[in-house]
Amino acid sequence: MPKIRVLDKQVAELIAAGEVVERPSAVIKELVENSVDAGATVITVEIRRGGVTYMRVTDNGCGIAPEDVPVAFLRHATSKVSGQEDLNAIGTLGFRGEALASISAVAHVELFTRAVGEPVGVRYACGGEEEPVLTEAGCPQGTTIVVRDLFFNTPARMKFLKKDVTEGNSVAGILDKLAMSHPEISIRFIRDGREQLHSPGDSKLSSAVYAVCGREFSSALIPVDYQLGHVKVEGFISAPAGSRPNRSMQNFFINGRFIRSRTAMAALEEAYKGSIMAGKFPACVLHMQVAPEAVDVNVHPAKLEVRFVNERPIFDAVYHAVRSALNAGDRPKEMELKKPPVSPYAPVLEKKEQLTFTGGKSFDQPLFLHDSGAREQREPELPKEIERVFETEPRPVFRPRNVVIETEAKPRARIEPEPVPEAAPPPVPEPERPEPIAADFSSRIIGEAFGTYIIVEYSPDKLMLIDKHAAHERLLYERLKASRGGCEAQTLLEPVAVSLDMEEYSAVLAHEKELSEAGFEVSDFGSGTVLVRSAPLLLDGGDAAAAVMEIAGYLAGFKTEITTEHMDWIYHNVACRAAIKAGDHTSRQELISLAEELERNPQVRYCPHGRPVYVMLGRREIEKQFGRA
């Protein structure tokens with residue numbers, strides 16, 4: 001059991017701290033790090049109302065000697081650093097000796113502790129300007145610290161706290177990182193009387209990742225175990241198919257400490273180049289083990305950023321570790337042919353079932369009822385007593401008014417535009433709208449170029465080239481904006497689980513109403529996971545999950561209320577995912593329908609990204625190329 005002592009002024013000034021307790025998660029971080037340094041194997045954290053009114057941290061560590069308890073609450077009092085030379089090789093999570101002093105200055109603190117070998121424990125109560133009280137108390141080996149009424153004497157700090165849900169999620173994020181950084185410790189988190197996290201503490205990183213991130217995330221990971229020189233890298237990375245829209249699930253740890261490292265992040269993403277699409281990011285839980293003297297953790301008040309003596313070995317170790325893991329563990333994605341959904345008008349009866357009809361006859365053969373549009377199947381001959389009725393629901397065909405469809409069998413036909421009632425007001429002219437089609441001419445779809453551009457003979461003197469993705473994206477975007485607050489949604493056959501980091505998780509739960517306006521129904525599934533129960537009618541289940549992940553990352557970046565501009569971004573995201581993609585096979589009827597809808601919306605000239613939806617090519621310009629003009 002190390003001795004707690006107050007640091008010399010010279011040593012204390014060498015510690016780059018000065019950070020104050022700004023929110024409940026900062027309190028929890030300092031207390032659980034002290035528990036880890038005390039050798040605890042079981043840590044229990046309980047909070048109420050996001051930690052503002054009540055926080056309790058209990059561990060089974062070595063405890064604190066009775067004579068050291070009052071000293072522990074003095075500033076720069078620590079058992080982890082004794083001299084200046086110790087700062088060159090810090091091997092513990094805490095070392096500044098400021099946590100307990102800072103916490104007791106803004107909250108009511110009660111400490112129970114019993115050191116190894118002591119027959120009885122002690123209770124120490126302090127807070128604010130109150131006189132500390134030290135008494136004997138019966139308690140198990142280890143330490144329990146209870147913090148009540150945070151910022152009771154500093155209302156100025158209280159007003160900067162966020163909602164209880166947000167503060168609670170911030171605490172959960174701290175404990176998630178701790179559970180993954182120390183899989184040998186069992187972490188239990190109780191939030192408002194409900195257990196939210198319980199890691200097994202079996203020293204298996206896979207178990208900790210499963211407890212924190214859930215089955216879906218942990219089941220798609222590739223193990224990493226690599227050593228280059230004096231740097232050892234182990235943990236897990238996501239398969240390329242499991243890439244994410246942001247970096248929120250990139251977790252790096254060095255010597256058991258969660259850090260943010262640009263060097264490690266750059267090495268990780270460099271190793272994935274050529275394996276994932278642009279704009280996607282890999283996820284990881286990577287532990288790096290280096291000599292304590294090769295890294296300086298005393299450069300950031302929250303100890304989240306570190307400085308390496310030489311960054312090149314870190315980059316090389318992470319890069320080669322990830323490349324080796326991808327080469328060994330990444331497998332081609334296997335396509336699963338799922339059984340098509342059964343229509344209520346087309347039930348499939350198993351062979352073992354026997355049907356009895358009104359005439360008393362039995363029928364043992366399998367019975368297939370299907371839509372007329374489906375692939376032709378062999379149907380058994382049925383008794384005459386059965387009258388089969390097929391109810392089909394053909395997809396609506398959107399035929400243009402002024403578009404001519406050319407086929408090999410029939411000559412070109414002209415469809416006259418529908419007459420406009422005399423009482424209808426004249427259309428508002430658009431200054432930038434292309435010239436209207438001549439009265440004696442009907443535009444026609446000539447074809448499609450490069451799987452991307454629709455070629456339309458728009459008038460006797462002009463060709464129109466339409467970017468089908470840009471046009472479809474903008475039309476869907478306008479449709480979603482027009483339905484603001486009532487976006488047409490579909491309930492998914494099976495809810496889709498989406499794993500998020502705690503900031504994104506908090507942002508999604510805080511903006512359920514805005515997501516509902518965009519067509520997403522999400523619900524809390526706990527432990528950083530939300531269930532997507534419905535999505536805009538334009539999206540399927542897979543796109544819905546990816547859209548929620550990207551929207552969650554976007555929402556997490558805002559500290560204020562969501563504005564109309566932010567909602568437009570969400571609509572844009574949905575429209576972009578649902579739109580026809582360049583290179584996709586598109587039927588002729590779909591091309592015609594898209595061209596007609598574009599003609600009905602002359603204000604659509606640019607996609608939400610700002611790219612033009614169509615360009616005009618004059619006949620004279622073409623004839624110049626052939627020497628005709």
Side-chain angles (χ1 to χ4, degrees), residues 19-35 43-59 99-112 123-130 143-179 187-199 212 302 500-514 522-530 552 555-556 558-562:
E19 177 160 314
V20 295
V21 175
E22 57 180 9
R23 60 191 308 189
S25 58
V27 175
I28 295 297
K29 179 178 183 295
E30 297 294 342
L31 296 182
V32 295
E33 285 183 353
N34 284 344
S35 297
I43 301 175
T44 301
V45 177
E46 181 179 0
I47 66 170
R48 298 173 192 163
R49 286 195 54 197
V52 177
T53 60
Y54 182 86
M55 289 177 278
R56 177 174 62 87
V57 177
T58 301
D59 67 60
L100 294 180
S102 298
I103 295 169
S104 62
V106 293
H108 296 295
V109 179
E110 194 174 12
L111 179 144
F112 298 87
R123 172 185 177 271
Y124 186 80
C126 62
E129 298 180 355
E130 298 177 5
T143 303
T144 297
I145 297 183
V146 179
V147 180
R148 294 184 175 89
D149 304 323
L150 187 63
F151 302 142
F152 76 97
N153 57 353
T154 54
R157 289 193 203 173
M158 176 71 76
K159 68 181 182 181
F160 286 101
L161 292 178
K162 300 179 177 62
K163 297 179 181 178
D164 292 348
V165 172
T166 304
E167 296 296 344
N169 287 337
S170 181
V171 173
I174 295 293
L175 297 177
D176 286 349
K177 301 295 189 293
L178 181 71
I187 307 295
R188 187 174 180 227
F189 178 39
I190 302 171
R191 180 174 176 179
D192 294 320
R194 189 183 70 173
E195 184 181 273
Q196 185 168 329
L197 171 67
H198 195 174
S199 65
V212 171
L500 306 169
D501 82 339
M502 281 303 167
E503 289 189 7
E504 297 172 339
Y505 174 66
S506 176
V508 167
L509 296 183
H511 297 100
E512 289 186 49
K513 180 181 177 182
E514 288 80 5
V522 297
S523 60
D524 185 6
F525 196 57
S527 300
T529 302
V530 296
L555 295 178
F558 295 98
K559 309 300 181 184
T560 57
E561 296 297 326
I562 298 300

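What's counted below: heavy atoms across the whole structure, side chains too, no hydrogens, waters or symmetry copies.
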**Q** Does any part of the side chain of Leu150, heavy atoms only, come nearer than 4.5 Å to the side chain of Val27, both counted from C-beta?
**A**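 Yes, their side chains come closer than 4.5 Å.
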**Q** Quick one: closest heavy-atom pair of Ile47 and Gly168, and the distance?
**A**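 Shortest heavy-atom separation between Ile47 and Gly168 comes out as CD1-CA, 4.0 Å.
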**Q** Working to the nearest 0.5 angstrom, can you tell me the gap between Lys29 NZ and Leu178 CG?
**A**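 Rounded to the nearest 0.5 Å, the NZ-CG separation comes to 10.0 Å.
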**Q** For Ala105 and Asn153, which heavy atoms make the closest approach, and how far apart are they?
**A**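 Looking at all heavy atoms of both residues, the closest pair is O-ND2, 3.0 Å.
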**Q** Would you mind reporting whether Leu161 and Pro24 have side-chain heavy atoms less than 4.5 Å apart?
**A**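 Touching, per the 4.5 Å side-chain cut-off.
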**Q** How far does CG of Leu197 sit from CZ of Phe189, to the nearest 0.5 angstrom?
**A**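 So the CG of Leu197 and the CZ of Phe189 are separated by 8.0 Å.
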**Q** Please test Ser523 against Phe525 for side chain to side chain contact (heavy atoms under 4.5 Å, CB included), starting from the C-alpha separation and ending with a verdict.
**A** CA-CA 6 Å; Ser523 60; Phe525 196 57; over 6 Å; no
**Q** Are Val52 and Phe151 side-chain neighbours, meaning at least one heavy-atom pair lies under 4.5 Å?
**A**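 With C-beta onward as the side chain, the pair stays apart.
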**Q** Are side-chain heavy atoms of Thr58 and Ile145 found at a separation under 4.5 Å?
**A**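 Thr58 vs Ile145: side chains apart.
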**Q** So, Asp192 and Arg48, do they make that salt bridge, N to O below 4.0 Å?
**A**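 No.
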**Q** Is any side-chain heavy atom of Leu100 closer than 4.5 Å to a side-chain heavy atom of Glu30?
**A**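 Of all side-chain heavy-atom pairs linking Glu30 with Leu100, none is under 4.5 Å.
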**Q** Tell me, do Val57 and Thr44 make a side-chain contact under 4.5 Å, heavy atoms counted?
**A**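 A side-chain contact is absent here, since even the closest heavy-atom pair is not under 4.5 Å.
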**Q** Quick check: does any side chain N or O of Ser199 sit under 3.5 Å from a backbone N or O of Ile187, one acting as donor and the other as acceptor?
**A**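 Judged by distance alone, yes, a pair lies under 3.5 Å.
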**Q** Tell me, with the steps shown, if Arg56 and Thr144 meet side chain to side chain contact (heavy atoms under 4.5 Å, CB included).
**A** CA-CA 7 Å; Arg56 177 174 62 87; Thr144 297; 4.0 Å; yes
**Q** Among Gln196, Glu503, Arg191, which residue meets the side-chain hydrogen bond (donor to acceptor under 3.5 Å, both in side chains) test with Asn169?
**A**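 Going through the options one by one, the only one that passes is Arg191.
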**Q** So Leu175 and Val45, side chain to side chain contact (heavy atoms under 4.5 Å, CB included) or not? Walk me through it.
**A** CA-CA 9 Å; Leu175 297 177; Val45 177; 3.9 Å; yes
**Q** Out of Val32, Asn34, Ile43, which residue meets the side-chain contact (heavy atoms from CB on, under 4.5 Å) rule with Asp59?
**A**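 Of the listed options, the one satisfying the test is Ile43.
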**Q** Does the pair Glu167/Lys163 count as a salt bridge with the N-to-O cut at 4.0 Å?
**A**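 Answer for the salt bridge query: no.
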**Q** Is there a side-chain contact between Met55 and Ile28 (heavy atoms, below 4.5 Å)?
**A**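 Yes, their side chains come closer than 4.5 Å.
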**Q** For residues Tyr505 and Thr529, report the shortest heavy-atom separation together with the two atoms involved.
**A**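 That would be CE1-O, 3.5 Å.
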**Q** Looking at side-chain heavy atoms only, is the closest gap between Glu195 and Arg188 below 4.5 Å?
**A**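 When only atoms from C-beta onward are counted, Arg188 and Glu195 do touch, with a gap below 4.5 Å.
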**Q** Provide the closest heavy-atom pair for Ala172 versus Met502 in the form atom of the first, atom of the second, distance.
**A**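 For Ala172 versus Met502, the nearest heavy atoms are CB-CE, 3.7 Å.
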**Q** Run the side chain to side chain contact (heavy atoms under 4.5 Å, CB included) check on Ile103 and Leu31 step by step: do they pass?
**A** CA-CA 10 Å; Ile103 295 169; Leu31 296 182; 3.9 Å; yes
**Q** Below 6.0 angstrom between ring centroids: does that apply to His108 and Phe152?
**A**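 So the answer is yes for these two rings.
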**Q** Which heavy atom of Val106 sits nearest a heavy atom of Arg157, and at what distance?
**A**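 Heavy atoms of Val106 and Arg157 come nearest at CG1-NH1, 3.6 Å.
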**Q** Is Arg148 close enough and on-axis enough to Tyr54, meaning under 6.0 Å and within 45°, for cation-pi?
**A**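 That pair does not qualify as a cation-pi contact.
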**Q** Can you name the closest pair of heavy atoms from Val109 and Ser104 and give their distance?
**A**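 Closest approach of Val109 to Ser104: CG2-CA, 3.7 Å.
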